[in-house]
Amino acid sequence: QVQLVESGGGSVQTGGSLRISCAVSGSGYNSRINYMAWFRQGPGDKREGVAAVDNNGGSTYYADSVKGRFTISQDNAKTTVYLQMNSLMPEDTATYYCAAAVGWFQPGAALRDYQYYYWGQGTLVNVSS
């Protein structure tokens with residue numbers, strides 16, 4: 001079993017920055033997880049893939065809406081996944097979820113939620129104008 005716990009959400013003004021974290025734990029999680037990702041869901045919106053990282057090779061993937069503004073990263077022990085968010089805009093307001101994939105994975109669809117098995121409870125990010 002893998003546990004994911006997000007933290008670091010909050011309120012920020014337009015143009016500001018925020019870093020949210022996802023603590024990863026569980027029995028043998030490092031050997032089981034192949035991709036980690038951040039998704040978000042705003043009020044009345046569908047869940048959207050924001051960023052993903054290959055847990056073994058380090059390749060990263062980003063939604064067009066956040067490219068150049070958001071950065072996904074991990075600590076060396078791979079116990080925490082971060083999402084650094086810069087130049088935040090009101091449309092970035094959402095609950096952000098951390099997700100982990102195990103088993104077969106299609107890199108070309110790294111931001112599709114059906115590929116992720118474990119999910120955190122979410123952390124709310126509110127960007128005011």
Side-chain angles (χ1 to χ4, degrees):
Q1 193 74 352
V2 174
Q3 290 84 44
L4 306 175
V5 179
E6 302 95 335
S7 61
S11 295
V12 63
Q13 290 187 327
T14 296
S17 298
L18 202 62
R19 188 178 78 162
I20 55 178
S21 304
C22 172
V24 186
S25 63
S27 176
Y29 67 90
N30 248 339
S31 62
R32 298 179 59 208
I33 295 173
N34 47 18
Y35 279 77
M36 295 291 303
W38 285 97
F39 289 79
R40 67 184 181 186
Q41 188 167 18
D45 295 336
K46 292 182 179 179
R47 188 162 55 190
E48 172 192 21
V50 174
V53 59
D54 178 345
N55 206 45
N56 299 308
S59 297
T60 55
Y61 307 81
Y62 294 96
D64 288 342
S65 58
V66 305
K67 275 181 185 175
R69 300 189 299 122
F70 290 12
T71 303
I72 188 170
S73 63
Q74 298 172 283
D75 66 343
N76 288 339
K78 298 180 183 176
T79 59
T80 307
V81 179
Y82 303 98
L83 186 67
Q84 177 68 42
M85 303 180 290
N86 299 327
S87 302
L88 282 162
M89 302 182 291
E91 46 264 48
D92 295 317
T93 293
T95 297
Y96 284 72
Y97 298 92
C98 179
V102 296
W104 182 85
F105 192 89
Q106 192 173 20
L111 298 180
R112 299 292 300 276
D113 59 3
Y114 68 83
Q115 299 214 87
Y116 293 85
Y117 189 79
Y118 296 101
W119 292 83
Q121 83 290 349
T123 186
L124 180 62
V125 173
N126 182 61
V127 184
S128 58
S129 56

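Index from 1, following the sequence.
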Peer 1: Got a donor-acceptor contact below 3.5 angstrom from the Thr123 side chain to the Gly9 backbone?
Peer 2: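 Yes; judged by distance alone, with no hydrogens or angles, the pair exists.
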Peer 1: Give a yes or no on whether Trp38 and Val12 share a hydrophobic cluster (residues Ile, Leu, Val, Met, Phe, Trp, Tyr; joining criterion: side-chain heavy atoms under 4.5 Å apart).
Peer 2: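 Yes, same cluster.
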Peer 1: In the single-linkage hydrophobic clustering (I, L, V, M, F, W, Y; side-chain heavy atoms under 4.5 Å), do Leu18 and Tyr62 co-cluster?
Peer 2: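 Per the 4.5 Å side-chain linkage, Leu18 and Tyr62 are co-clustered.
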Peer 1: Could you give the distance from CD (Gln3) to OG (Ser25), rounded to the nearest 0.5 Å?
Peer 2: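 Going from the CD atom of Gln3 to the OG atom of Ser25 covers 4.5 Å.
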Peer 1: Donor-acceptor check, side chain of Asn55 to backbone of Tyr35, threshold 3.5 angstrom: yes or no?
Peer 2: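 Side chain of Asn55 to backbone of Tyr35, a donor-acceptor pair under 3.5 Å: no, none is there.
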Peer 1: Does the side-chain contact (heavy atoms from CB on, under 4.5 Å) test come out yes or no for Val2 and Arg32, once each step is laid out?
Peer 2: CA-CA 9 Å; Val2 174; Arg32 298 179 59 208; 4.0 Å; yes
Peer 1: So which heavy atom on Met36 is nearest to which on Ala100, and how close?
Peer 2: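 Closest approach of Met36 to Ala100: SD-CB, 3.5 Å.
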Peer 1: When rounded to the nearest 0.5 angstrom, what is the spacing between CG in Asn126 and CD in Gln13?
Peer 2: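 Separation between the atoms: 11.0 Å.
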Peer 1: Quick one about Glu48 and Ser65 (side-chain donor to acceptor, distance below 3.5 Å, no hydrogens or angles considered), yes or no?
Peer 2: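 There is such a pair between these side chains.
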Peer 1: Does any N or O in the side chain of Gln74 come within less than 3.5 Å of the main-chain N or O of Thr79, such that one atom is a donor and the other an acceptor?
Peer 2: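 It does not hold such a pair.
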Peer 1: Do Gln115 and Asp113 pair up side chain to side chain, a donor and an acceptor below 3.5 Å, judged on atom types alone?
Peer 2: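 Asp113 and Gln115 do not have a side-chain donor-acceptor pair below 3.5 Å.
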Peer 1: Which atom names give the shortest non-hydrogen contact between Met85 and Tyr96, and what distance separates them?
Peer 2: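 Smallest heavy-atom distance, with atoms named: SD-CE2, 3.9 Å.
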Peer 1: If you compare all heavy atoms of Tyr97 against all heavy atoms of Gly120, which two are closest, and at what distance to 0.1 Å?
Peer 2: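 Here Tyr97 and Gly120 meet closest at CD2-O, 3.7 Å.
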Peer 1: In this structure, would Tyr61 and Phe70 fall into the same cluster of hydrophobic residues linked by side-chain contacts under 4.5 Å?
Peer 2: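 Each belongs to a different hydrophobic cluster.
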Peer 1: Not counting sequence neighbours, list each pair that qualifies as a ring-ring contact (aromatic ring centres under 6.0 Å, His included) and has a residue in residues 109-129.
Peer 2: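 Checked against ring-ring contact (aromatic ring centres under 6.0 Å, His included) - neighbours excluded - the pairs reaching residues 109-129 are Phe39-Tyr116, Phe39-Trp119, Phe105-Tyr116.
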Peer 1: Is it the case that the side chain of Glu6 and the backbone of Cys98 share a donor-acceptor pair, with hydrogens and angles ignored and the cut-off at 3.5 Å?
Peer 2: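 At least one qualifying donor-acceptor pair exists.
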Peer 1: Any side-chain heavy-atom pair from Thr14 and Pro90 closer than 4.5 angstrom?
Peer 2: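 With C-beta onward as the side chain, the pair touches.
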Peer 1: As a test of understanding, state which of Thr93, Ile20, Thr95 forms a side chain to side chain contact (heavy atoms under 4.5 Å, CB included) with Val125.
Peer 2: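 Result for side chain to side chain contact (heavy atoms under 4.5 Å, CB included) with Val125: Ile20.
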Peer 1: Any side-chain heavy atom of Tyr82 sitting closer than 4.5 Å to one from Cys22?
Peer 2: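 No, every pair of side-chain atoms sits at 4.5 Å or beyond.
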Peer 1: Any sub-3.5 Å donor-acceptor pair from Lys46's side-chain atoms to Gln41's backbone N or O?
Peer 2: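 No.
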Peer 1: State, to 0.1 Å, how close Asp54 and Asn56 come at their nearest heavy-atom pair, and which atoms those are.
Peer 2: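 So the two residues come closest at OD1-N, 2.8 Å.
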Peer 1: Using side-chain contact (heavy atoms from CB on, under 4.5 Å), reason through Ile33 and Val24 one step at a time and then give a plain yes or no.
Peer 2: CA-CA 10 Å; Ile33 295 173; Val24 186; 3.7 Å; yes
Peer 1: Looking only at non-hydrogen atoms, find the nearest pair between Leu83 and Val50 and report the distance.
Peer 2: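 Reported closest heavy-atom pair: CD2-CG1, 4.2 Å.
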Peer 1: Can Arg40 and Asp92 be counted as an ion pair, charged N to O under 4.0 angstrom?
Peer 2: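 Result for this pair is yes, salt bridge flagged.
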Peer 1: Kindly give the heavy-atom pair with the smallest separation between Gln84 and Ser17, and that separation in Å.
Peer 2: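 Where Gln84 meets Ser17 most closely, the heavy atoms are NE2-CB, 3.9 Å.
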Peer 1: Walk me through whether Gln106 and Arg112 qualify under side-chain contact (heavy atoms from CB on, under 4.5 Å).
Peer 2: CA-CA 9 Å; Gln106 192 173 20; Arg112 299 292 300 276; over 6 Å; no
Peer 1: State whether the side chain of Asn34 and the backbone N or O of Gly103 hold a donor-acceptor pair below 3.5 Å, judged by distance alone.
Peer 2: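 Pair found, side chain donor or acceptor close to backbone of Gly103.
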Peer 1: Counting only heavy atoms not in Gln121, do more than 12 fall under 6.0 Å of its CD?
Peer 2: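 Yes, CD of Gln121 has more than 12 neighbouring heavy atoms, counting only those of other groups under 6.0 Å.
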